[in-house]
Student: 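Starting off with a structure, shown below.
Source: prediction; values computed, not measured. Ligands are counted one by one from 1 in listed order, and the atoms in each one are counted from 1 as well.
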Amino acid sequence: MQTIGFIGLGNMGAPMAANLVRAGYVVKAFDLSADALVQAKEAQCVVAMSASDAAQDADVIISMLPAGKHVHNLYLSGAEPLFDVVKKEALIIDCSTIEADMARSIAELAIERDIDFIDAPVSGGVGGAQAGSLSFIVGGSAEQFEKAKPVLESMGKTIFHAGDHGAGQVAKACNNMLLGILMAGTCEALSMGVKNGLDPSVLSDIMKQSSGNNWALQVYNPVPGVMKNVPAANDYQGGFQVDLMFKDLGLAMELSQKSASATPMGSAARGLFNLHKSQGSGALDFSSLIRLYS
Ligand code: NAD
């Protein structure tokens with residue numbers, strides 16, 4: 001059985017690593033947070049002393065880090081760049097959401113060193129990571145995609161091949177721009193309904209069965225008390241941070257600028273999340289945007 005080095009055991013990485021253990025892989029896990037390492041041990045991961053300890057003997061290395069600068073640092077520019085320690089035949093799968101250009105340039109450097117590096121950002125949230133039902137959106141060669149598929153299938157249900165290196169990140173930025181717009185619109189509609197005397201649960205049921213139906217209404221309602229097991233039911237702790245949604249909308253704006261694509265809705269959503277973040281809500285789940293409307 002293959003050994004997997006897993007780096008980044010946050011809201012998403014921890015349940016993903018646990019699913020790999022359940023699938024029978026030996027998972028050597030590392031995070032900068034001591035609490036995350038305790039949780040990893042409870043999930044039967046082998047706790048590594050450092051990222052290079054997790055990666056050096058691994059057949060597959062998976063990273064699940066906040067942003068591009070962390071990924072660049074891990075593989076290329078940090079104290080112990082993993083490109084200097086991984087086995088030649090190792091496959092590196094970066095599941096973080098980062099700049100498409102950065103994913104492409106890291107992949108180019110990997111090719112020069114005979115290392116396989118692919119981008120495989122995910123969709124499905126913490127619930128999807130826990131249930132092993134994530135979607136993976138892969139950018140890489142057809143051969144690399146086939147090599148990665150069995151591992152990704154242990155953490156997800158749908159594995160897409162978006163295209164060559166960086167394509168996974170382009171598709172992810174498009175998806176998350178739409179998600180930001182949908183969450184903002186859902187918060188706006190629910191707030192207006194409540195201020196006009198409607199019960200948010202009743203209004204949510206109506207819109208779910210009507211043309212306003214969307215993912216936020218189906219599985220991620222932003223109003224406390226409407227759904228169980230969502231961040232809104234837990235004071236917006238856990239889940240997908242406002243900081244990360246703001247980062248993703250920034251990635252979308254970069255793509256929009258480079259390709260001269262008009263994205264006025266994405267830009268408006270970014271402005272809303274920026275305002276919410278500036279009021280001290282960066283660490284809350286992104287569905288807390290509804291507080292901006294109250
Ligand atoms: P998170 O902040 O909960 O976790 C990130 C983890 O990385 C933290 O535990 C942190 O300590 C660790 N870390 C940072 N630098 C490190 C380093 N150098 N070495 C080891 N560990 C390091 O974030 P998350 O919600 O798990 O998201 C991770 C990525 O997945 C982000 O790129 C995000 O955009 C993307 N994503 C998140 C969700 C979601 O719903 N949370 C959904 C899809 C995609």
Side-chain angles (χ1 to χ4, degrees), residues 5-19 28-40 43 45 47-55 61-82 85 93-100 102-103 119-131 133-137 155-156 158 168-169 171-180 183 215-216 219-220 229-232 234 236-252 273 282-288:
F6 203 113
I7 296 130
L9 307 164
N11 289 323
M12 296 294 285
M16 289 164 70
N19 279 330
K28 282 189 85 176
F30 180 70
D31 194 288
L32 295 175
S33 144
D35 287 350
L37 294 179
V38 171
Q39 212 188 329
C45 294
V47 171
M49 304 301 290
S50 63
S52 69
D53 179 31
I61 294 113
I62 299 177
S63 44
M64 193 50 167
L65 297 174
K69 63 180 179 193
H70 305 96
V71 175
H72 193 275
N73 204 46
L74 179 70
Y75 292 111
L76 290 162
S77 52
E80 272 186 300
L82 293 197
V85 303
I93 307 175
D94 179 42
C95 295
S96 327
T97 306
I98 70 169
E99 299 80 357
M102 186 178 292
D119 45 302
V122 308
S123 178
V126 174
Q130 288 165 343
S133 62
L134 291 171
S135 294
F136 285 86
I137 313 166
M155 301 179 285
T158 323
Q169 297 295 353
K172 174 67 184 169
C174 295
N175 180 73
N176 273 28
M177 183 178 82
L178 182 56
L179 173 64
M183 181 56 84
W215 185 88
V219 301
Y220 219 96
N229 301 323
V230 289
N234 188 29
Y236 303 105
Q237 300 303 307
F240 181 43
Q241 291 175 8
V242 169
D243 280 343
L244 293 179
M245 175 48 94
F246 180 65
K247 171 205 64 168
D248 289 0
L249 289 165
L251 299 178
F273 281 100
L284 297 180
D285 176 74
F286 82 122
S287 63
S288 65

Student: As an exercise, identify every atom of ligand 1 less than 4.0 angstrom from a heavy atom of Lys247.
Tutor: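 Taking each heavy atom of Lys247 in turn, ligand 1 has 31 (C), 32 (O), 33 (C), 34 (O) under 4.0 Å.
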Student: Does some side-chain heavy atom of Tyr220 sit less than 4.5 Å from a side-chain heavy atom of Phe286?
Tutor: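 When only atoms from C-beta onward are counted, Tyr220 and Phe286 do touch, with a gap below 4.5 Å.
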Student: Heavy-atom contacts with Ser96 under 4.0 Å: which atoms of ligand 1 show up? List them by number with element.
Tutor: 32 (O)
Student: Should you measure from each heavy atom of Lys172, which atoms of ligand 1 turn up under 4.0 Å away?
Tutor: 43 (C), 44 (C)
Student: For Gly125 and ligand 1, answer yes if some heavy atom of the residue is under 4.0 Å from a ligand atom, otherwise no.
Tutor: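 Heavy atoms of Gly125 do come under 4.0 Å of ligand 1.
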Student: Going by the atom numbers of ligand 1, which of them fall below 4.0 Å from some non-hydrogen atom of Ile7?
Tutor: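 So the answer, numbered in order with elements, is 19 (N), 20 (C).
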Student: In terms of residue, atom name and distance, what is the protein heavy atom nearest to atom 18 (N) of ligand 1?
Tutor: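 The closest heavy atom on the protein side is Leu32 CD1, 3.9 Å.
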Student: For atom 3 (O) of ligand 1, what is the nearest protein heavy atom, given as residue, atom name and distance?
Tutor: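 Result: Asn11 N, 2.9 Å.
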Student: Would you check if Phe6 and Cys45 make a side-chain contact, meaning some heavy-atom pair closer than 4.5 Å?
Tutor: no
Student: Short N/O distance, under 3.5 Å, between His70 and ligand 1?
Tutor: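 No; the residue has no nitrogen or oxygen that sits under 3.5 Å from a nitrogen or oxygen of the ligand.
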Student: With a 4.5 Å cut-off on side-chain heavy atoms, are Leu251 and Gln169 touching?
Tutor: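 The answer is no; the side chains never approach within 4.5 Å.
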Student: I'd like the name of whichever of Pro66, Gly8, Ser63 reaches closest to atom 5 (C) of ligand 1 through any heavy atom.
Tutor: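 Residue with the shortest heavy-atom distance to the ligand atom: Pro66.
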Student: To which protein heavy atom is atom 42 (C) of ligand 1 closest, and what is the distance rounded to 0.1 Å?
Tutor: Met12 CE, 3.7 Å
Student: Using heavy atoms and a 4.0 Å limit, tell me yes or no: is Ser123 in contact with ligand 1?
Tutor: no
Student: Which of these, Leu244, Leu65, Val122, Asp248, has its nearest heavy atom closest to atom 32 (O) of ligand 1?
Tutor: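 Among Leu244, Leu65, Val122, Asp248, the closest heavy atom to atom 32 (O) of ligand 1 belongs to Leu65.
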Student: Does some side-chain heavy atom of Phe136 sit less than 4.5 Å from a side-chain heavy atom of Thr158?
Tutor: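 Side chain of Thr158 against side chain of Phe136, heavy atoms only: no contact under 4.5 Å found.
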Student: Residues two or more places apart in sequence or in another chain: which of them pass side-chain contact (heavy atoms from CB on, under 4.5 Å) with Gln130?
Tutor: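 Here the qualifying residues are Pro15, Val126.
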Student: Can you confirm whether Gln241 sits close enough to Met245 that some side-chain heavy atom of one is under 4.5 Å from a side-chain heavy atom of the other?
Tutor: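 They are not in contact (no side-chain heavy atoms under 4.5 Å apart), so the answer is no.
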Student: Taking the side chain from Asp119 and the backbone from Gly168, do they hold a donor-acceptor pair closer than 3.5 Å?
Tutor: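 Yes; judged by distance alone, with no hydrogens or angles, the pair exists.
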Student: For Lys172 and Val122, indicate whether the former's side chain and the latter's backbone hold a donor-acceptor pair under 3.5 Å.
Tutor: yes
Student: For Asp31, is the nearest heavy atom under 4.0 Å from an atom of ligand 1?
Tutor: yes
